[in-house]
Amino acid sequence: MNDWQFAQENPAEQLAQLYFFSIMKRQAGGDIPFRITVKEFAAPPPGQRLRFFAEADKPVNQKTASFVPCGWGNTVFNALVDCVRLIRQFPYEGEEPPVPS
Amino acid sequence: MKAKSHRFRRNRQLQLCGPGEISRLEGVNNVILEITKGQLKDGIAVLTLRGSIHTGPDCRRVEQEVEDLLRSNQTRAIFDFTGITHIDSAAIGTVVRCYSKLKNAGGMLRLAGCNGMIDSSLKLTKVDKVIAIFPTASAAAEDFPQTKPSA
């Protein structure tokens with residue numbers, strides 16, 4: 001257990017150390033840069049059982065079922081790999097069009 | 001005998017996975033996935049899932065079940081997650097893929113019984129904004145339109 005984790009008094013505070021990664025998604029039409037933040041929580045946040053959570057900075061698959069690639073695991077590696085896998089598997093289809101007024 | 005069978009299935013599952021996936025299968029939350037297929041009113045298919053859903057064979061099995069439904073012209077389905085204790089992000093990808101397949105065939109997918117970790121995961125990935133979630137399979141069935149949508 002690292003010393004910074006003792007700064008947390010309650011799991012609801014969700015104290016976490018952050019790790020930042022960047023990856024280019026290769027797809028037809030050009031490469032898309034994705035930034036991934038992996039949070040190492042001092043204790044699993046409410047509703048989760050694992051301490052590492054990775055989240056991309058933008059959604060994928062916007063035209064069919066838009067969702068944000070994420071990953072979780074027992075290590076930075078496990079969380080990151082899961083998140084990267086979803087970035088690779090689903091197309092980035094641009095920003096969602098604005099709702100007409 | 002039951003323990004031996006379970007051990008065989010676990011070994012088989014490990015053999016089917018890539019090296020990067022094995023560590024995940026050895027985690028504490030892994031229970032063999034069971035899928036039961038049922039029917040509700042108006043030909044709505046219900047896939048009741050129990051155990052945990054992880055990358056590899058579990059995800060492939062779920063997608064296979066949806067492809068079987070599509071082959072039998074069933075395009076409206078409910079995933080009942082009441083008995084699911086743990087999923088990984090690959091399972092989220094599988095749910096999205098199944099939703100896309102059913103939608104492209106003119107149908108739809110609803111989720112039911114998403115508790116605890118499952119509910120939290122669907123919210124984190126914002127899948128809950130795209131796929132409707134209901135407390136029970138029967139509540140999800142009520143949300144389907146009366147008539148089957150045309151393909």
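Chain identifiers are assigned alphabetically (A, B, ...) following the order of the sequence lines, protein sequences preceding nucleic acid strands; residue numbering begins at 1 within each chain. Quick caveat: nothing in here was measured; it's all calculated off a predicted structure.
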Requested in this report: Look at atom CZ of B:R71 and say whether more than 12 heavy atoms of other residues, nucleotides or ligands are closer to it than 6.0 Å.
Outcome: yes
Report summary line: Taking every heavy atom of B:S89 against every heavy atom of A:C70, the minimum-distance pair comes out as CB-O, 3.0 Å
Report task. Group every Ile, Leu, Val, Met, Phe, Trp and Tyr by side-chain heavy-atom contacts under 4.5 Å, then state whether B:L70 and B:F79 land in the same group. Result -> yes
Query raised in the report: Taking everything shown except A:E9 itself, do over 12 heavy atoms lie less than 6.0 Å from its CD?
Result: no
Query raised in the report: Is any side-chain heavy atom of B:T55 less than 4.5 Å from a side-chain heavy atom of A:D82?
Result: no
**Report entry** Separation between NZ of A:K63 and OG of B:S100, rounded to the nearest 0.5 Å
**Finding:** 13.5 Å
Query raised in the report: Please walk me through it: do B:H86 and A:L50 pass side chain to side chain contact (heavy atoms under 4.5 Å, CB included)?
Result: CA-CA 11 Å; B:H86 189 265; A:L50 300 165; 3.9 Å; yes
Requested in this report: Would you name the heavy atoms of B:G93 and A:F90 that are closest together and state the gap between them?
Outcome: O-CZ, 3.4 Å
**Report entry** Taking every non-hydrogen atom, the tightest pair across B:V130 and A:S66
**Finding:** CG2-O, 3.1 Å
Query raised in the report: Of the non-hydrogen atoms in A:V68 and B:K126, which two are nearest, and what is the gap between them?
Result: CG2-CD, 3.9 Å
Requested in this report: Of all the heavy-atom pairs spanning A:T64 and B:K103, show the shortest one and how long it is.
Outcome: O-NZ, 3.5 Å
Requested in this report: Spell out, yes or no, whether A:V76 and A:L15 are grouped together once hydrophobic residues are joined by side-chain heavy atoms under 4.5 Å, including indirect joins.
Outcome: no
Query raised in the report: Checking heavy atoms, do the side chain of B:I92, its backbone, both or neither come under 4.5 Å from chain A?
Result: side chain
Query - Within 6.0 angstrom of A:K25 NZ, more than 12 heavy atoms from elsewhere - result: yes
Requested in this report: Answer yes if B:I118 and B:F134 sit in the same cluster of Ile, Leu, Val, Met, Phe, Trp and Tyr residues linked by side chain heavy atoms under 4.5 Å apart, and no otherwise.
Outcome: no
Report task. Verify the cluster assignment for A:F21 and A:F34: are they in a single hydrophobic cluster under the rule of side-chain heavy atoms below 4.5 Å apart? Result -> yes
Query raised in the report: Is there a side-chain contact between B:D88 and A:R85 (heavy atoms, below 4.5 Å)?
Result: no
**Report entry** Single-linkage hydrophobic cluster A:L86~A:I32, side-chain heavy atoms < 4.5 angstrom
**Finding:** yes
Query raised in the report: So how far is it from A:F53 CZ to B:S120 OG, rounded to the nearest 0.5 Å?
Result: 8.0 Å
Query raised in the report: Below 4.5 Å, heavy atoms only, C-beta onward: do A:F67 and B:K129 meet side chain to side chain?
Result: no
